[in-house]
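Written out below as C-alpha cells is the structure these notes cover.
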Amino acid sequence: MGNYHSQAEEILESSGGKRILLHSCCAPCSSSVLEFLMPKIDVTVFYYNPCIMPIEEYEHRLSEQRRLCTILDVPLIEGKYDNDNYLTAVGGLENHPEGGARCERCFYMRLRETARQAKSGGFDYFCTTLTVSPHKNADIINAIGGEVANEVGVQFLPSDFKKKNGYLRSIQLSKQYDLYRQGYCGCRF
C-alpha cells in the first residue's frame, strides 16, 4: 500500500500556477478534498457519475454539488448522465460484491472520462474524491488512475483523502454546509 496522501502533498508543494480537475462523486466527499486542495492548486470540480440510480438521486446529488461549488466559488463541469453506458460497462458483474470487479469497472469509466476532460481542458492533473471514503480501496483507485493517465496522456494525482481525518472532516463540513449525505454509493447493485 502506498502513502498516497504524502505523495499528493509533495506533488502539490510544487504545483504553483497549475490546474487540477477533481472528479467528484458527491458534495460531502468533495468538501474536505476541496478544503485540502484549494490552498495548493487551482481546482475545478467534474461531476460525472453515470452509476447513480435512480435519476432523482443523481439529480439530488448534482444539485448539492452545485450548491457547494457556489458556496466555495469553485468552477463545476457537469458530465453527461450516461446510465446506459454504465450498465453496459458493468454487464455480467451485477452480482459481484461492493468493492469488487464491478466497482473497478465503474472507477475506470469515471476516471477515464475525467482524464479526457482534463486533457481537453488543458488541466495539468486530474484526481478523484473517491479515496475519501473508508469503503473505497485507495490502492485500486490509484492504480486505475495511473493506468488511465498513461492511456490518455494527463497526470494523475495519487491520493488517499481519507487520511489525516479527511473522512471525518467531510462529515464535519457536511454538517456545516447542511449537505445531503446519501446512504449508499449510488449504484443499484
Salt-bridge criterion met for R66 and E78 (N-O under 4.0 Å): yes
Any donor-acceptor pair under 3.5 Å from S170 side chain to S32 backbone: no
Over 12 foreign heavy atoms within 6.0 Å of NZ, K163: no
Main-chain N/O of S24 paired to N49 side chain as donor or acceptor, under 3.5 Å: yes
Proximity of F156 and Y125 rings by center, below 6.0 Å: no
Sub-4.5 Å side-chain heavy-atom contact between I41 and L157: no
Heavy-atom side-chain proximity of L111 to I141 below 4.5 angstrom: yes
For the student: nearest non-hydrogen atoms of T129 and C25, plus distance: OG1-N, 3.1 Å
Nearest-0.5 Å distance, CG of residue N137 to CG of residue D160: 9.0 Å
Test side-chain hydrogen bond (donor to acceptor under 3.5 Å, both in side chains) applied to E113 and Q117, step by step: CA-CA 6 Å; E113 184 59 25; Q117 290 287 326; 3.2 Å; yes
Pairwise distance NZ(K175) to CG(L173) - rounded to 0.5 angstrom: 11.0 Å
Residues forming a ring pair (Phe, Tyr, Trp, His ring centres under 6.0 Å) with H135, sequence neighbours excluded: none
Y167: partners by ring pair (Phe, Tyr, Trp, His ring centres under 6.0 Å), with sequence neighbours left out: none
Sidechain-backbone polar pair: Y81 side chain, I52 backbone, donor-acceptor under 3.5 Å: yes
Donor-acceptor under 3.5 Å (R105 side chain, A89 main chain): yes
Donor-acceptor contact present, side-chain S133 to main-chain L130, <3.5 Å: no
Heavy-atom side-chain contact between C51 and M109 under 4.5 Å: no
Shortest non-hydrogen separation from F123 to I20 and the atoms involved: CD2-C, 3.5 Å
Non-hydrogen atoms of N83 and P50 that approach each other most closely: ND2-O, 2.7 Å
Distance, nearest 0.5 Å, that separates OG1 of T128 from CG of L21: 10.0 Å
Same cluster (ILVMFWY, side-chain, under 4.5 Å), M38 and L179: yes
Counterpart residues, salt bridge (Lys or Arg N to Asp or Glu O under 4.0 Å), relative to K164 (two or more places apart): E9
Nearest non-hydrogen partners of G121 and R19, listed with the distance: O-NH1, 3.1 Å
Nearest atoms (heavy-atom pairs only) where K119 meets G153: NZ-O, 3.5 Å
S30 OG to E35 CD distance, which is reported to the nearest 0.5 Å: 11.5 Å
D124 to Q155 - nearest heavy-atom pair and separation: O-CB, 3.5 Å
Heavy-atom side-chain proximity of V152 to F126 below 4.5 angstrom: no
N/O donor-acceptor pair under 3.5 Å between Q7 side chain and P158 backbone: no
Side-chain (S63) to main-chain (E59) donor-acceptor, under 3.5 angstrom: no
Flag side-chain contact, heavy atom, 4.5 Å: C127 against F161: yes
Side-chain donor/acceptor of K162 to backbone N/O of K136, under 3.5 Å: yes
Gap separating the CZ atom of R61 from the CD atom of E56, nearest 0.5 angstrom: 12.5 Å
Stepwise side chain to side chain contact (heavy atoms under 4.5 Å, CB included) check, Y108 with V148: CA-CA 7 Å; Y108 180 84; V148 166; 3.5 Å; yes
Geometric class of the F46/H23 ring pair [parallel <30°, tilted 30-60°, perpendicular >60°]: perpendicular
Cluster overlap F36 with I171, hydrophobic side-chain contacts below 4.5 Å: no
Atom pair OG1 (T114) and CZ (F107), whose distance is rounded to the nearest 0.5 Å: 12.5 Å
Aromatic ring proximity Y86/Y48, centre distance under 6.0 Å: no
I71 with L37, same ILVMFWY side-chain cluster at under 4.5 Å: yes
Main-chain N/O of K18 paired to D42 side chain as donor or acceptor, under 3.5 Å: no
E64/R67 salt bridge by N-O under 4.0 Å criterion: yes
Evaluation steps, side-chain hydrogen bond (donor to acceptor under 3.5 Å, both in side chains), between T131 and S159: CA-CA 7 Å; T131 65; S159 66; 3.0 Å; yes
